[in-house]
Colleague: 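Once you've had a glance at the structure underneath, I'll fire off some questions.
Quick note on labels: first sequence line is chain A, next is B, and so on, each numbered from 1.
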Amino acid sequence: MKIGVLALQGDFEEHITVLRNLGANTSEVRLPEQLQDLDGLVIPGGESTTISRLLVRWQLIDPIRRRASEGMAIWGTCAGAILLAERAPDLDREGLRLMDIGVERNSFGRQVDSFEADVDVTGFAGPPFRAVFIRAPRITDVGGAATALAQLPDGAIVAAQQDRLLTTVFHPELTDDARFHQHFLALAANGAGARLPRQADTTDAVGQTA
Amino acid sequence: MPPQDGNGASQSAETGTWKVKAGLAQMLKGGVIMDVVTPEQAEIAQEAGACAVMALERVPADIRADGGVARMSDPEVISRIIDAVTIPVMAKCRIGHPVEAQVLEALGVDYIDESEVLTPADERFHVDKRPFKVPFVCGCRNLGEALRRIGEGAAMMRTKGEAGTGNIVEAVRHIRTVWDGIRRLQHMPVEELMAEAKELGAPYELLLETRSLGRLPVVNFAAGGVATPADAALMMQLGADGVFIGSGIFKSEDPAPRAKAVVQAVTHYQDPEIIAEVSRGLGQPMRGLEISQIPEEELLAKRGW
């Protein structure tokens with residue numbers, strides 16, 4: 001299985017390190033031809049305005065969309081979440097617009113408001129996930145095709161999934177907890193049959209994405 | 001300030017942690033941070049793809065030319081730049097001037113550069129950076145200086161170069177010297193590390209960490225003298241995580257295309273064909289200074305202890 005990490009700008013090396021430790025074959029993606037034969041693509045944290053400009057400049061938008069329609073899994077963290085969203089009104093370039101979610105950039109404030117918090121993730125066994133939010137966006141709405149995976153206590157949605165598309169507004173690549181990376185590798189491996197991780201018997205999400 | 005009502009943070013939420021301070025620098029990796037002195041310049045930088053801007057009253061080339069005492073910028077200048085862009089905004093305080101740092105934190109800047117480009121306020125000590133919620137970046141010329149700053153709480157480093165010269169030679173010297181120090185550690189038997197810590201004047205634990213990581217424990221950008229896309233790519237090939245460009249953009253003949261080209265060159269720093277393509281027709285770069293022509297007492301990189 002081959003996982004690409006978009007390496008235009010941002011913390012792509014951190015993602016590559018975690019994925020390699022999990023045994024994945026990884027590569028850096030900066031040009032359209034580097035998308036060929038990938039089973040999954042990670043869009044890392046970084047500056048969404050920078051990455052959006054570079055996506056346009058190097059003509060990556062349509063090729064990524066095409067590969068997604070062919071079954072390539074995609075996971076966007078933070079900036080990546082903004083770029084995956086169908087609705088990102090405060091991004092001044094067109095993103096990938098693949099996921100039926102809306103996002104608001106820098107939604108929790110400036111850097112002094114950046115924070116860590118425990119979040120419960122649908123389908124993850126074990127303790128809550130210690131999530132690192134850095135000038136993070138917020139998922140403002142989740143349409144019918146997508147499902148919320150994690151929320152903060154006030155209801156803010158911070159992770160979502162739509163078939164083989166995964167998004168987290170926080171940064172699992174900055175922690176030692178590899179559960180999201182494992183989940184993404186499972187999505188990429190399962191191709192079209194991928195489903196949300198199962199938790200006991202109560203997730204209302206499983207039926208929607210199977 | 002946890003818990004924070006209304007922004008969703010719970011009892012478990014913590015702001016100002018090491019992870020979020022060092023983490024913002026990780027988000028800037030592979031990017032270009034540009035010096036700007038007006039909201040209009042900040043917009044040009046953002047449009048070009050800068051991953052952050054450094055808000056200043058004067059770029060280093062002008063600070064150098066003007067002489068006198070260089071201080072933190074007017075809060076009005078910084079606030080207007082913060083309002084003009086959505087990317088992170090950094091600002092500089094003087095070495096050893098914690099009150100300027102407190103003011104910058106109160107203004108809501110995203111990163112503070114305790115910078116040798118400004119006139120030092122303290123000729124012996126730097127700011128204790130740990131109590132701040134806002135993270136700090138500091139300059140270094142070698143491994144010992146880098147690890148002292150990290151020991152004081154800096155969450156990001158930059159090699160100093162010689163700011164405002166448009167001459168890359170000092171930036172090259174400094175990043176090579178940092179890597180040389182790291183390689184030295186890696187080849188050293190563990191019993192020699194304490195003496196090396198004494199020699200470097202740096203915390204022993206950070207030597208151990210650097211040795212095991214094979215790199216600095218925080219993100220390290222290159223700064224000071226970058227003037228062209230090729231200069232920026234050079235710093236990336238020498239192992240910088242990203243590039244600061246100060247006077248090099250807005251002291252050049254045509255700033256917007258140059259800014260854009262530098263961003264492309266940092267992304268594609270291993271691809272000479274792309275660097276060639278983006279370097280075409282950019283007009284005159286800033287006029288550079290020969291380092292040996294600068295009087296010893298006017299060299300900025302020597303500031304910092």
Colleague: For Glu173(A), is it the side chain, the backbone, both, or neither that has a heavy atom closer than 4.5 Å to a heavy atom of chain B?
Modeller: side chain
Colleague: Identify the residues of residues 35-46 of chain B whose heavy atoms come closer than 4.5 Å to a heavy atom of chain A, ordered by number, or report 'none'.
Modeller: Gln46(B)
Colleague: For Phe108(A) and Phe115(A), take the angle between the two ring planes, folded into 0 to 90°, and tell me which bin it lands in: parallel under 30, tilted 30 to 60, perpendicular over 60.
Modeller: perpendicular
Colleague: Which atoms of Val32(B) are under 4.5 Å from chain A, going by heavy atoms: the side chain, the backbone, both sets, or neither?
Modeller: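 Answer is neither: Val32(B) stays 4.5 Å or more from chain A.
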Colleague: For Asn220(B), is there any backbone N or O sitting under 3.5 Å from a side-chain donor or acceptor partner on Asp241(B)?
Modeller: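 Yes; at least one donor-acceptor contact below 3.5 Å.
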Colleague: Sort Leu174(A) into side chain, backbone, both or neither according to what part of it lies under 4.5 angstrom from a heavy atom of chain B.
Modeller: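 Both parts, heavy atoms under 4.5 Å.
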Colleague: Is Glu14(B) paired with Lys133(B) through a side-chain N to carboxylate O contact shorter than 4.0 Å?
Modeller: no
Colleague: Can a salt bridge be assigned to the pair Glu14(A) and Lys29(B) using a cut-off of 4.0 Å between side-chain N and carboxylate O?
Modeller: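 A salt bridge is present here (some side-chain N lies under 4.0 Å from a carboxylate O).
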Colleague: Distance alone, cut at 3.5 Å: any donor-acceptor contact between the side chains of His183(A) and Gln161(A)?
Modeller: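 Yes.
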Colleague: Does any heavy atom of chain A fall under 4.5 Å from the side chain of Ala52(B), the backbone, both, or neither of them?
Modeller: neither
Colleague: Check each atom of Ala7(A) against the heavy atoms of chain B and say whether the ones under 4.5 Å are side chain, backbone, both or neither.
Modeller: backbone
Colleague: Regarding Asp177(A) and Arg130(A), does a basic nitrogen lie under 4.0 Å from an acidic carboxylate oxygen?
Modeller: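 Salt bridge flag = no for Arg130(A) with Asp177(A).
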Colleague: Any carboxylate oxygen within less than 4.0 angstrom of a Lys/Arg side-chain nitrogen, looking at Asp113(A) and Arg135(A)?
Modeller: no
Colleague: Look at the aromatic rings of Phe124(A) and Phe129(A) and report parallel, tilted or perpendicular, splitting at 30° and 60°.
Modeller: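 Rings of Phe124(A) and Phe129(A): tilted, as their planes differ by 30° to 60°.
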Colleague: Determine the option with the most heavy-atom pairs under 4.5 angstrom with chain A, choosing from Thr86(B), Val85(B), Val134(B).
Modeller: Thr86(B)
Colleague: Find the one option among Gly16(B), Pro88(B), Pro135(B) whose heavy-atom pairs under 4.5 Å with chain A are most numerous.
Modeller: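 Option with the greatest count: Pro88(B).
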Colleague: Please flag which part of Arg30(A) lies under 4.5 Å from any non-hydrogen atom of chain B: side chain, backbone, both or neither.
Modeller: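 Both parts, heavy atoms under 4.5 Å.
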Colleague: For Asp83(B), is there an ion pair with Arg80(B) - N to carboxylate O distance below 4.0 angstrom?
Modeller: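 Salt bridge flag = no for Asp83(B) with Arg80(B).
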Colleague: What are the residues of residues 40-56 of chain A, in order of number, with any heavy atom under 4.5 angstrom from a heavy atom of chain B?
Modeller: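 Residues Gly45(A), Gly46(A), Glu47(A), Thr49(A), Thr50(A), Arg53(A), Leu54(A) are the ones that qualify, each having a heavy atom under 4.5 Å from chain B.
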